[in-house]
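Since the model is a prediction, treat every value here as computed from it, not as a measurement.
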Amino acid sequence: EQARQKMEKKVSTGEVNWLINRLYVRKEFTACLTKIEDQIKKCGGAKGSCEFALYVKGLILRHMGKIEDSLQLFRLVTTINPQ
């Protein structure tokens with residue numbers, strides 16, 4: 001039962017990551033940030049395991065000129081997954 005729940009979570013996270021990537025590539029930053037915030041809430045906050053969403057949020061913030069906020073997110077992502 002737990003294995004099935006983990007698999008469902010991974011599939012849904014993968015689908016959301018795909019959507020986040022698609023919105024980012026299309027430069028639909030407002031919609032992308034909304035989806036990212038939803039994903040962060042699902043993952044249990046910024047310390048959760050939604051590293052891709054946090055990474056893309058950092059890219060968007062960098063694009064918007066918020067360099068310090070962007071850098072903080074990139075650092076957070078490297079603490080979640082140092083590889």
Side-chain angles (χ1 to χ4, degrees):
E1 183 64 26
Q2 284 182 335
R4 185 179 63 79
Q5 288 174 346
K6 283 183 183 180
M7 185 62 154
E8 286 176 3
K9 183 178 179 184
K10 284 186 180 183
V11 170
S12 65
T13 300
E15 290 171 358
V16 173
N17 285 347
W18 175 84
L19 179 58
I20 288 170
N21 185 60
R22 185 175 178 134
L23 291 170
Y24 176 74
V25 169
R26 291 178 159 188
K27 297 185 173 73
E28 298 177 26
F29 296 142
T30 304
C32 189
L33 285 172
T34 300
K35 185 52 71 178
I36 288 169
E37 292 304 320
D38 291 343
Q39 183 66 9
I40 289 171
K41 287 177 189 172
K42 260 187 187 177
C43 289
K47 304 264 190 228
S49 61
C50 49
E51 63 198 67
F52 182 73
L54 293 169
Y55 174 74
V56 174
K57 184 176 180 178
L59 292 175
I60 293 170
L61 292 178
R62 184 182 67 179
H63 179 77
M64 296 169 80
K66 299 179 178 179
I67 304 301
E68 288 298 320
D69 295 334
S70 174
L71 183 58
Q72 281 184 311
L73 286 172
F74 292 143
R75 286 181 178 154
L76 177 61
V77 169
T78 57
T79 60
I80 293 171
N81 185 359
Q83 297 176 345

**Request:** Using the rule that two of Ile, Leu, Val, Met, Phe, Trp, Tyr join whenever any of their side-chain heavy atoms come within less than 4.5 Å, decide whether I80 and I40 are in one cluster.
**Result:** yes

**Message:** For a quick test of reading the model, state the closest non-hydrogen atom pair linking K57 to L33 and the distance between them.
**Reply:** CG-CD2, 3.9 Å

**Message:** Are K35 and Q39 packed together at the side-chain level, in the sense that at least one heavy-atom pair is separated by less than 4.5 angstrom?
**Reply:** no

**Message:** What's the separation between atom OG1 in T79 and atom CG in L54, rounded to the nearest 0.5 Å?
**Reply:** 9.0 Å

**For I20 against A53, the heavy-atom pair lying closest together** = CD1-CB, 3.9 Å

**Asked** Considering residues at least two apart in sequence or located in another chain, which fulfil the side chain to side chain contact (heavy atoms under 4.5 Å, CB included) criterion with Q72?
**Response** D69

**Message:** Membership question, hydrophobic clusters at under 4.5 Å side-chain separation (ILVMFWY): are L61 and L23 in the same one?
**Reply:** no

**Request:** Determine the minimum heavy-atom distance between C32 and I60, stating which atoms define it.
**Result:** SG-CD1, 3.7 Å

**Asked** Taking all atoms of both residues into account, what is the closest heavy-atom pair of C43 and C50, and its distance?
**Response** SG-CB, 2.9 Å

**Request:** Provide the full list of ring-ring contact (aromatic ring centres under 6.0 Å, His included) pairs with a residue in residues 64-83, sequence neighbours left out, each pair given once.
**Result:** Y55-F74

**Asked** Atom CE in M64, atom CG in L59: separation rounded to 0.5 Å?
**Response** 13.0 Å

**Message:** Are V56 and I36 packed together at the side-chain level, in the sense that at least one heavy-atom pair is separated by less than 4.5 angstrom?
**Reply:** yes

**Request:** Tell me whether L71 is reachable from F52 by hopping between hydrophobic residues (I, L, V, M, F, W, Y) whose side-chain heavy atoms are closer than 4.5 Å.
**Result:** no

